[in-house]
K.L.:
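This is the structure I have questions about; it appears just below.
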Amino acid sequence: MRSTPPNRPSARGGWRRIGAAAAATAALVFTGFGTAVQADAATAASSKVTYVSTPCATPKHTGDLTCKSYRVTGGLTAFQKMQAARTGITPKAADASTPSGYSPTNLRSAYGLTSAAASNGSGETIAIVDAYNDPNAEADLATYRSYYGLSACTTANGCFKKVSQTGSTTSLPSSDAGWSEEISLDLDMASAICPLCNITLVEATSASYANLGTAENEAVALGAKFVSNSYGGSESSSQTTYDTSYYNHAGVAITVSSGDSAYGAEYPATSRYVTAVGGTKLSTSSTTRGWTETVWKTSSTEGTGSGCSSYDAKPSWQTDTGCTKRMESDVSAVADPATGVSVYDSYGVTAGWYTFGGTSVSAPIIAGVYALAGTPASGTYPAQYPYDYAGTSSLNDVTSGNNGTCSTSYFCTATTGYDGPTGWGTPEGISAFAN
């Protein structure tokens, strides 16, 4: 199916809950306290965001894959700074009682998905593949969806399912607080983009290639046409075997995080059968779109991944000339923790609202966009779809920023058209993700 041009709401649509604060601010200005209000806003603008890698970003065992997420611990996020500028009241930093990251409304506004999210996705299933068990997954998802006015997605109503890598609903892996943060993030982002979709959470016994790959196959066997994977690791000569065993599923849109360690290729993002999803810094702007993006990079070892694979063959639809093998990434979405997204999580941390970043954010967002675009055609590899729309208004071309130093410029530096860190860009509606 093809999309019509998106109907864009104001970029401020995600802040409707702060109307009372805005009214209070207006009253302060009227009574002569404008200077103090402006000072609060200035303080907000200068409060730097701090964050930590989630525990699953550190492997438990040699050879394990790691998740690709960061959790904000202090400072004021982009959402909070905009909130402060709008109300003149500086919000609390890292306050788990209140969402401090971008909302579903913000994300849909940024990517031209407002109309599609309201009407598309019913009957489609997005599978989330992660390691270990999150015992609070369904309850935390319910809190997120309820807060943002999304319809209930539960086991009872058939929308939500949680299974092990063998498909069992009762014999689940051991619980893990670090991976539970990742699971909450993935479930919430799939919900934010495609609220009418069903969600299946497939929990691998561990973060090994064998177990995560088995979970991948189970997700497809259970009927999911959209599978999100927010994990990865270094490339190896074994990956072409993993391609065949776990990721070669024609007719299924498989998204994979490109990595959070800045320039350098990672697997399974470099699998020729998946959509490799890079990360951006997403900010509001005065443009017609209302948003602007640059490559996410905060240091030489932290930012979106990209690179030329050492092992995977180049798919026929990828035609950049600097890399003779598979090039990472294909497309991108928000990932910078400083411009991160709101997530509700309660297992192993203080129950509450957290802001997350990393390409663990962008992978489930893009899986949701594919789901809004409709079931992929049998026999096709949906990673090709955005290439059919390369250079068109169906994608927001990201043209500034870099994720490191490289000998071939576009491998690590944004440019007009295709580049490694952001691929062909970010969604502008769903057209570039449809058959």
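Note that the numbering runs from 1 along the sequence shown for the chain. These numbers were taken from a predicted model, which means no experiment stands behind them. When reading the values below, keep in mind they use all heavy atoms of this one structure, side chains included, and skip hydrogens, waters and symmetry mates.
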K.L.:
Which atoms form the tightest heavy-atom contact between G232 and P268, and what is the distance?
P.N.:
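Shortest heavy-atom separation between G232 and P268 comes out as CA-CD, 3.9 Å.
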
K.L.:
Are any side-chain N or O atoms of S119 and backbone N or O atoms of S115, one a donor and one an acceptor, separated by less than 3.5 Å?
P.N.:
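Yes, the answer is positive, given that a donor and an acceptor are paired below the 3.5 Å cut-off.
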
K.L.:
Given side chain to side chain donor-acceptor pair (under 3.5 Å), test N136 with S346 step by step and report yes or no.
P.N.:
CA-CA 7 Å; N136 298 354; S346 69; 2.9 Å; yes

K.L.:
Report the C-alpha separation of N157 and T154 in whole Å, then their side-chain angles, then the decisive distance to 0.1 Å, and conclude whether the side chain to side chain donor-acceptor pair (under 3.5 Å) test is met.
P.N.:
CA-CA 5 Å; N157 68 14; T154 65; 3.3 Å; yes

K.L.:
In terms of heavy-atom contacts, does NZ of K161 have more than 12 from other residues, nucleotides or ligands at under 6.0 Å?
P.N.:
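Not more than 12 within 6.0 Å, no.
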
K.L.:
What closest approach, in Å, do L185 and S69 show between heavy atoms, and which atom pair accounts for it?
P.N.:
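What the structure gives for the nearest pair is CD2-CB, 3.8 Å.
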
K.L.:
Minimum heavy-atom separation for N229 to A363, with atom names?
P.N.:
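Heavy atoms only, the tightest pair is O-CB, 3.9 Å.
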
K.L.:
Find the distance between CD1 (I126) and CG (L201) and round it off to the nearest 0.5 Å.
P.N.:
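These two atoms lie 12.5 Å from each other.
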
K.L.:
Nearest 0.5 Å, what's the OG-CG distance between S206 and L212?
P.N.:
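S206 atom OG to L212 atom CG measures 7.0 Å (nearest 0.5 Å).
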
K.L.:
Are the side chains of Y381 and R272 in contact, using a 4.5 Å heavy-atom criterion?
P.N.:
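In short, these two side chains do not touch, never coming nearer than 4.5 Å.
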
K.L.:
Determine the minimum heavy-atom distance between A192 and L107, stating which atoms define it.
P.N.:
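Heavy atoms of A192 and L107 come nearest at CB-CD1, 4.3 Å.
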
K.L.:
Angle class for the Y246/Y242 ring planes (parallel below 30°, perpendicular above 60°, tilted otherwise)?
P.N.:
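Ring orientation, 0 to 90° scale: parallel.
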
K.L.:
For Y132 and E182, which I'm curious about, is there any donor-acceptor pair between the side chains at under 3.5 Å?
P.N.:
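Judged by distance alone, the side chains do not pair up.
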
K.L.:
Does a donor on one side chain sit under 3.5 Å from an acceptor on the other, for E218 and T166?
P.N.:
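Note: E218 and T166 side chains miss the donor-acceptor criterion.
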
K.L.:
Can any side-chain N or O of S299 pair as donor or acceptor with the backbone N or O of T301 at less than 3.5 Å?
P.N.:
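Judged by distance alone, yes, a pair lies under 3.5 Å.
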
K.L.:
Check this for me, if you would: do K281 and D336 make a salt bridge, where the nitrogen-to-carboxylate-oxygen distance has to be below 4.0 angstrom?
P.N.:
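So K281 pairs with D336 through a salt bridge.
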
K.L.:
Check for a donor-acceptor pair, side chain of R145 on one end and backbone N or O of S151 on the other, with a separation under 3.5 Å.
P.N.:
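At least one qualifying donor-acceptor pair exists.
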
K.L.:
Could you tell me if T426 and N396 have a donor-acceptor pair between their side chains, going purely by distance under 3.5 Å?
P.N.:
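Looking only at side-chain atoms, T426 and N396 do form a donor-acceptor pair, the distance falling under 3.5 Å.
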
K.L.:
Between the side chains of D320 and K314, is the shortest nitrogen-to-carboxylate-oxygen separation below 4.0 Å, so that they form an ion pair?
P.N.:
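Answer for the salt bridge query: yes.
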
K.L.:
May I ask you to check whether N106 and S103 show a side-chain donor-acceptor distance below 3.5 Å?
P.N.:
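Yes, a side-chain donor-acceptor pair sits under 3.5 Å.
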
K.L.:
Using ring centroids (six-membered ring only for Trp), state whether Y148 and Y144 fall under 6.0 Å.
P.N.:
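Yes, ring centres under 6.0 Å apart.
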
K.L.:
Is it the case that the side chain of S257 and the backbone of T359 share a donor-acceptor pair, with hydrogens and angles ignored and the cut-off at 3.5 Å?
P.N.:
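Such a contact is found between S257 side chain and T359 backbone.
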
K.L.:
For residues D260 and Y70, determine if any side-chain heavy atom of one lies less than 4.5 Å from a side-chain heavy atom of the other.
P.N.:
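Side-chain contact under 4.5 Å: yes.
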
K.L.:
Donor-acceptor check, side chain of E138 to backbone of T155, threshold 3.5 angstrom: yes or no?
P.N.:
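Checking the backbone N and O of T155 against the side chain of E138, a donor-acceptor pair under 3.5 Å is found.
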
K.L.:
Give a yes or no answer on whether the side chain of N435 reaches the backbone of A377 with a donor-acceptor pair at less than 3.5 Å.
P.N.:
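Present.
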
K.L.:
Is the shortest side-chain N to carboxylate O distance from E266 to K68 below 4.0 Å?
P.N.:
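Here E266 pairs with K68 in a salt bridge, since their nearest N and O are under 4.0 Å apart.
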
K.L.:
Under a 4.5 Å cut-off applied to non-hydrogen side-chain atoms, are W296 and N403 in contact?
P.N.:
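When only atoms from C-beta onward are counted, N403 and W296 do not touch, as no gap falls below 4.5 Å.
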
K.L.:
List the steps, then state whether ring pair (Phe, Tyr, Trp, His ring centres under 6.0 Å) holds for Y385 with W317.
P.N.:
CA-CA 9 Å; Y385 299 171; W317 37 263; 9.8 Å; no

K.L.:
Are side-chain heavy atoms of H61 and S208 found at a separation under 4.5 Å?
P.N.:
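A side-chain contact under 4.5 Å is absent here.
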
K.L.:
Regarding D95 and S97, is there a side-chain donor-to-acceptor distance under 3.5 Å anywhere?
P.N.:
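Per modelled atom types, D95 and S97 side chains form a pair under 3.5 Å.
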
K.L.:
I'd like to know if the side chain of T270 pairs up with that of E235 as donor and acceptor (distance under 3.5 Å, no hydrogens or angles considered).
P.N.:
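Note: T270 and E235 side chains meet the donor-acceptor criterion.
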
K.L.:
Using the side chain to side chain contact (heavy atoms under 4.5 Å, CB included) criterion, which residues pair with P55? Sequence neighbours excluded.
P.N.:
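Result, side chain to side chain contact (heavy atoms under 4.5 Å, CB included) vs P55: E181.
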
K.L.:
So N133 and E203, do their side chains get closer than 4.5 Å, heavy atoms only?
P.N.:
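Yes, side chains in contact.
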
K.L.:
Do Y370 and F433 make the cut of ring centroids closer than 6.0 angstrom?
P.N.:
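Ring centroids of Y370 and F433 are less than 6.0 Å from each other.
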
K.L.:
Suppose the criterion is disulfide (SG to SG under 2.5 Å): which pairs have a residue in residues 364-435, not counting sequence neighbours?
P.N.:
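Of all non-adjacent pairs touching residues 364-435, those that pass disulfide (SG to SG under 2.5 Å) are C406-C412.
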
K.L.:
Can you sort out the partners of D176 under salt bridge (Lys or Arg N to Asp or Glu O under 4.0 Å), two or more places apart, ordered by chain and number?
P.N.:
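Salt bridge (Lys or Arg N to Asp or Glu O under 4.0 Å) check on D176 returns K60.
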
K.L.:
So, taking the atom named OH in Y263 and the one named OG in S258, what distance separates them when rounded to the nearest 0.5 Å?
P.N.:
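The OH atom of Y263 sits 12.5 Å away from the OG atom of S258.
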
K.L.:
Before you tell me yes or no, could you show the steps for Y267 and D243 under side chain to side chain donor-acceptor pair (under 3.5 Å), namely the whole-Å CA-CA distance, both residues' side-chain angles and the distance that decides it to 0.1 Å?
P.N.:
CA-CA 10 Å; Y267 186 83; D243 277 353; 2.5 Å; yes

K.L.:
Hey, is the main chain of G425 close enough, under 3.5 Å, to the side chain of T422 for a donor-acceptor pair?
P.N.:
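A pair under 3.5 Å: no.
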
K.L.:
For T54 and R71, what are the C-alpha separation, side-chain angles and deciding distance, and is it a side chain to side chain donor-acceptor pair (under 3.5 Å)?
P.N.:
CA-CA 6 Å; T54 52; R71 176 168 52 82; over 6 Å; no

K.L.:
Identify the two heavy atoms, one from L76 and one from A93, that lie closest to each other, and give their separation to 0.1 Å.
P.N.:
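Residues L76 and A93, closest heavy atoms: CD2-CA, 3.9 Å.
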
K.L.:
Quiz question: by atom type and distance under 3.5 Å, do the side chains of T355 and S100 form a donor-acceptor pair?
P.N.:
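Yes - a donor-acceptor pair under 3.5 Å links their side chains.
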
K.L.:
Any side-chain heavy-atom pair from I199 and I128 closer than 4.5 angstrom?
P.N.:
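Counting from C-beta outward, I199 and I128 do come under 4.5 Å.
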
K.L.:
Any donor and acceptor pair, going by atom type alone, linking the side chain of E428 with main-chain N or O of Y111 inside 3.5 Å?
P.N.:
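Not a single qualifying donor-acceptor pair exists.
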
K.L.:
Using a 4.5 Å cut-off on heavy atoms from C-beta on, say whether the side chain of Y344 contacts that of S184.
P.N.:
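S184 does not reach Y344 side chain to side chain.
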
K.L.:
Over all heavy atoms of both residues, which pair between L196 and A118 is shortest? Give the atoms and the distance, please.
P.N.:
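Reported closest heavy-atom pair: CD1-O, 3.8 Å.
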
K.L.:
Any heavy-atom pair between the side chains of Y231 and Y209 that's under 4.5 Å?
P.N.:
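Not in contact.
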
